[in-house]
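See below for the structure under consideration.
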Amino acid sequence: MKLSAKHLIVIAGPTAVGKTDIAINLAQHFNTEIISADSRQFYREMSIGTAKPDHNQLSKINHHFIGQLSISDYYNVSMFENEVLSLLKSLFIKYDAVFLVGGSGLYIDAVCKGIDDFPDPAPELRSYLKDILTHEGIGKLQEMLQHLDPEYFVTVDINNPNRLLRALEVCHTTGQKFSEQRLNSQKNRDFNIIKIGLNLTRPELFSRIGLRVDQMIVSGLIKEVESLMSYRQLNALNTVGYKEIFEFLDAKITLQQAVENIKTNTRRYAKRQLTWFKRTDEYKWFEPSGINEITNYLTMTCK
RNA sequence: GGUGUCGUAGCUCAGUUGGUAGAGCAACGGACUGAAAAUCCGUGUGUCACUGGUUCAAUUCCAGUCGACACCA
């Protein structure tokens with residue numbers, strides 16, 4: 001453990017487990033602020049479908065990185081890392097502990113461990129490579145990568161277009177192999193990091209997901225999605241809760257089917273989140289009802 | 001009440017001319033360093049309704065029971 005008196009307390013866990021409420025309680029108890037690490041709550045146009053904290057919740061504790069972007073803004077993990085680090089610098093002047101709360105594992109890891117620096121690829125390059133994918137298929141991308149970076153080619157998720165596009169993008173932009181630049185280096189942070197994971201039994205979690213999706217419909221999800229219809233091609237809207245309602249609005253499926261699909265896709269998302277967080281033993285796991293245990297644990301650990 | 005059809009995985013269904021069974025979806029497991037609520041990979045989880053009979057062997061053939069549906073009364 002570092003000698004620094006500053007602590008970043010991470011609260012992670014699957015969607016719908018109850019992170020928002022717990023984090024607010026804890027932030028009140030420790031008298032501090034919350035940084036959100038939720039890659040879809042960044043967007044101000046998406047509220048109901050992302051289960052953003054409501055006005056009442058936001059008024060209790062200062063939240064950062066909620067609704068600071070528009071869905072048409074370009075954004076990525078590296079930008080998040082830099083912005084959070086610079087925000088932390090100023091928050092740690094006022095507070096000894098700050099909470100980082102969310103379900104986006106990659107974003108949390110970028111803040112905690114850092115991410116290798118790559119130059120930003122030109123937007124034209126990205127669309128050029130995407131065109132190749134669309135018109136010539138993934139085989140062509142595989143061929144290109146095998147030629148440009150044979151080392152990465154043998155370890156890459158060969159059928160995953162996103163991985164191939166990214167590697168090619170970096171190779172082309174830098175003129176060097178992706179594998180030579182992706183060092184997976186761990187950056188040192190001048191604050192201590194404490195990681196808390198929240199989880200429930202599967203039946204409890206799945207039941208909460210079902211209830212929350214039903215509640216979203218009641219709260220006006222359809223209207224929210226309808227208002228975004230003309231932006232549907234944007235990446236931010238390639239999101240559970242939005243893509244299914246688009247299909248309903250296209251009259252491709254019934255509302256009932258759309259709701260079922262949202263529940264199913266949310267369950268799968270929750271499972272992927274758990275896979276991410278469980279692959280390290282850095283998290284100390286609690287049930288969301290165990291607020292007292294968490295408070296005690298944090299009080300002890302922060303000393 | 002009678003006749004007929006059906007009963008196989010969580011769901012929808014296929015199949016076995018008798019050698020204990022397989023698809024889709026769901027589910028489960030995993031990967032993942034600039035799209036990450038994205039993207040990708042892997043895995044059948046089963047008293048073949050029940051009870052008997054025939055047979056070396058029955059999920060398959062036969063009988064009965066139960067259940068579902070349809071038609072006739």
Side-chain angles (χ1 to χ4, degrees), chain A residues 12-17 19 36-43 46-52 69 71-83 102-123 125-127 129-130 133 138 141-142 152 155-170 173-174 178-187 202-203 206 209 212-213 216 221 233-245 253 257 260-280:
Chain A
T15 188
V17 80
K19 297 186 291 295
S36 171
D38 193 308
S39 71
R40 287 303 187 268
Q41 292 184 3
F42 294 159
Y43 300 103
M46 302 164 74
S47 295
I48 297 170
T50 59
K52 237 182 230 172
L69 295 177
I71 48 173
S72 48
D73 290 335
Y74 173 75
Y75 202 67
N76 64 44
V77 212
S78 178
M79 294 161 79
F80 182 72
E81 179 197 1
N82 292 328
E83 290 168 20
S104 302
L106 179 66
Y107 283 69
I108 292 172
D109 285 357
V111 171
C112 296
K113 302 174 179 171
I115 200 163
D116 289 322
D117 252 337
F118 297 108
D120 281 333
L125 177 60
R126 182 165 280 195
S127 53
L129 291 169
K130 268 190 97 163
L133 174 64
I138 196 165
L141 296 181
Q142 292 167 344
Y152 187 58
T155 59
V156 71
D157 223 352
I158 205 71
N159 293 318
N160 190 331
N162 288 359
R163 301 276 125 77
L164 298 174
L165 288 170
R166 175 64 185 154
L168 288 169
E169 202 173 86
V170 172
T173 303
T174 61
F178 182 58
S179 55
E180 282 172 359
Q181 302 172 79
R182 201 182 61 135
L183 306 171
N184 266 308
S185 50
Q186 289 241 151
K187 291 182 192 159
R202 275 294 157 90
F206 285 7
I209 287 173
R212 195 173 73 171
V213 172
M216 283 176 181
L221 179 62
Q233 78 290 348
L234 294 173
N235 175 64
L237 291 172
N238 182 196
T239 298
V240 177
Y242 293 80
K243 50 188 178 188
E244 299 86 353
I245 299 292
I253 56 176
Q257 283 171 322
E260 274 318 301
N261 292 350
I262 293 175
K263 289 178 184 176
T264 300
N265 289 331
T266 306
R267 289 196 292 266
R268 297 216 273 221
Y269 171 49
K271 280 165 48 186
R272 273 180 272 131
Q273 290 175 299
L274 285 167
T275 300
W276 184 289
F277 296 125
K278 294 253 163 146
R279 76 174 159 169
T280 118

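Quick caveat: nothing in here was measured; it's all calculated off a predicted structure.
The side-chain heavy atoms of A:Q142 and A:N159, taken from C-beta on, include a pair separated by under 4.5 Å. Residues A:K243 and A:N238 form a side-chain contact, since some pair of their non-hydrogen atoms from C-beta on lies under 4.5 Å apart. In this structure, A:T50 and A:D38 have side chains that are not in contact, with every pair of non-hydrogen atoms separated by 4.5 Å or more. Taking the side chain as every heavy atom from C-beta outward, A:E169 and A:F118 never approach each other to under 4.5 Å. In this structure, A:R163 and A:F178 have side chains that are not in contact, with every pair of non-hydrogen atoms separated by 4.5 Å or more.
Taking atom P on both B:C32 and B:A27, the two are 23 Å apart, rounded to the nearest angstrom. Atom C1' of B:A57 sits at a distance of 31 Å from the matching atom of B:A68, rounded to the whole Å. One C1' atom belongs to B:A23, the other to B:U16, and the distance between them is 15 Å to the nearest Å. Using atom C1' as the reference point in both B:U55 and B:U60, the two lie 13 Å apart (nearest Å). Here the separation of B:G64 from B:U45, taken at their C1' atoms, is 33 Å to the nearest Å. A gap of 24 Å separates the C1' atoms of B:C50 and B:A70, to the nearest Å. Comparing the C1' positions of B:A49 and B:C69 gives a spacing of 16 Å, expressed to the nearest Å. Using C1' as the reference atom, B:C66 and B:G30 are 44 Å apart when rounded to the nearest Å.
Glycosidic torsion of B:G34 falls within 90° of 0, placing the base in syn.
When each of A:L129, A:I138, A:L133 is tested with A:L164 by the rule side chain to side chain contact (heavy atoms under 4.5 Å, CB included), just one qualifies, namely A:I138.
Under 4.0 angstrom from either OP1 or OP2 of B:G29 there lies no side-chain N or O belonging to A:K278. Proximity of A:N162 to the phosphate of B:G34: no side-chain N or O atom is located under 4.0 Å from OP1 or OP2. Between A:R202 and B:G29, a side-chain N or O to OP1/OP2 separation shorter than 4.0 Å is present. Distances shorter than 4.0 Å separate none of the side-chain N or O atoms of A:R163 from OP1 or OP2 on B:U39. Residue A:R272 places at least one side-chain N or O closer than 4.0 Å to OP1 or OP2 of B:A38.
The shortest heavy-atom contact between A:T173 and A:P119 is CG2-CG, 4.0 Å. Contact record, A:Q41 with A:S36: OE1-OG, 4.0 Å, taken as the closest heavy-atom pair.
The CG atom of A:D157 sits 16 Å away from the P atom of B:G30 (whole-angstrom rounding). Distance A:I209 CD1 to B:A26 P: 15 Å, rounded to the nearest Å. A straight line from CG of A:L237 to C1' of B:U39 spans 17 Å, rounded to a whole angstrom. For the pair A:W276 CH2 and B:U39 P, the computed distance is 15 Å after rounding to whole Å. In this structure, A:L274 atom CG and B:C32 atom P are separated by 16 Å, rounded to whole Å. Taking atom CG of A:L129 as the reference point, atom P of B:A35 lies 12 Å away to the nearest angstrom. Between the CZ atom of A:F42 and the P atom of B:A36 there is a distance of 8 Å, rounded to whole Å. Per the geometry, CD1 belonging to A:I71 stands 16 Å off P belonging to B:A38, to the nearest Å.
Taking the side chain of A:R166 as heavy atoms from C-beta on, and the options B:A31, B:U39, B:G34, the nearest nucleotide is B:G34. Here B:A35 is the nucleotide among B:A35, B:U39, B:A31 with the atom lying nearest to any side-chain atom of A:N235. Counting only heavy atoms from C-beta on, A:V240 has its side chain closest to B:A38 among B:C32, B:A38, B:C40. Taking every side-chain heavy atom of A:R279 into account, B:A31 is the closest of B:A31, B:G34, B:A36. Closest approach to the A:P161 side chain among B:A36, B:G30, B:U39 is made by B:U39 (side chain taken as heavy atoms from C-beta onward). With B:A35, B:C40, B:C28 as the choices, the nucleotide that has an atom nearest any side-chain atom of A:R126 turns out to be B:A35.
If you check every strand for non-hydrogen atoms under 4.0 Å, A:K271 touches a base. Using a 4.0 Å heavy-atom distance criterion, A:D116 is classed as a base contact. At a threshold of 4.0 angstrom between heavy atoms, the contacts of A:T15 with the nucleic acid are absent. At the heavy-atom level, A:G49 lies under 4.0 Å from base atoms of the strands shown. Across all strands shown, A:N82 has no heavy atoms under 4.0 Å from either base or sugar-phosphate atoms. Residue-level contact check: A:F80 touches neither bases nor backbone, having no heavy atom under 4.0 Å from any strand. Contact annotation for A:F206: backbone-only contact, meaning every heavy-atom pair under 4.0 Å involves sugar-phosphate atoms and none involves a base. At a threshold of 4.0 angstrom between heavy atoms, the contacts of A:L165 include nucleobase atoms, whether or not backbone atoms are also involved. If you check every strand for non-hydrogen atoms under 4.0 Å, A:D109 touches nothing.
Other residues, nucleotides and ligands contribute at most 12 non-hydrogen atoms within 6.0 Å of the NZ atom of A:K130.
In RNA chain B, runs of at least 3 consecutive Watson-Crick or G-U pairs, each pair with both distances below 3.5 Å, span B:1-7 with B:66-72, B:10-13 with B:22-25, B:27-31 with B:39-43, B:49-53 with B:61-65.
A donor-acceptor pair is defined here as one N or O able to donate and one able to accept, closer than 3.5 Å; such a pair exists between the side chain of A:K19 and the backbone of A:P14. Checked by atom type and distance alone, the side chain of A:K263 never pairs as donor or acceptor with a backbone atom of A:I209 at under 3.5 Å.
Near RNA chain B, meaning a heavy atom under 4.0 Å from it, residues 260-270 of chain A has A:T264, A:R267, A:R268, A:Y269 in order of number.
Between the base of B:A35 and the side chain of A:K130 there is a donor-acceptor pair shorter than 3.5 Å.
Along RNA chain B, the nucleotide nearest to A:M216 and the one nearest to A:D120 differ in position, and the one closer to the 5' end is contacted by A:D120.
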Next on the checklist: Applying ring pair (Phe, Tyr, Trp, His ring centres under 6.0 Å) to A:Y43 and A:Y242, what does each step give before you reach the verdict?
Outcome noted: CA-CA 13 Å; A:Y43 300 103; A:Y242 293 80; 10.0 Å; no

Expected list for residues 267-277 of chain A: side-chain donor-acceptor pairs under 3.5 angstrom, two or more places apart:
residue: A:R267; atom: NH2; partner: A:T264; partner atom: OG1; Å: 3.2
residue: A:Y269; atom: OH; partner: A:Q273; partner atom: NE2; Å: 2.8
residue: A:Q273; atom: OE1; partner: A:T15; partner atom: N; Å: 2.7
residue: A:Q273; atom: NE2; partner: A:G103; partner atom: O; Å: 3.1
residue: A:T275; atom: OG1; partner: A:K271; partner atom: O; Å: 3.0
residue: A:W276; atom: NE1; partner: A:D109; partner atom: OD2; Å: 3.1

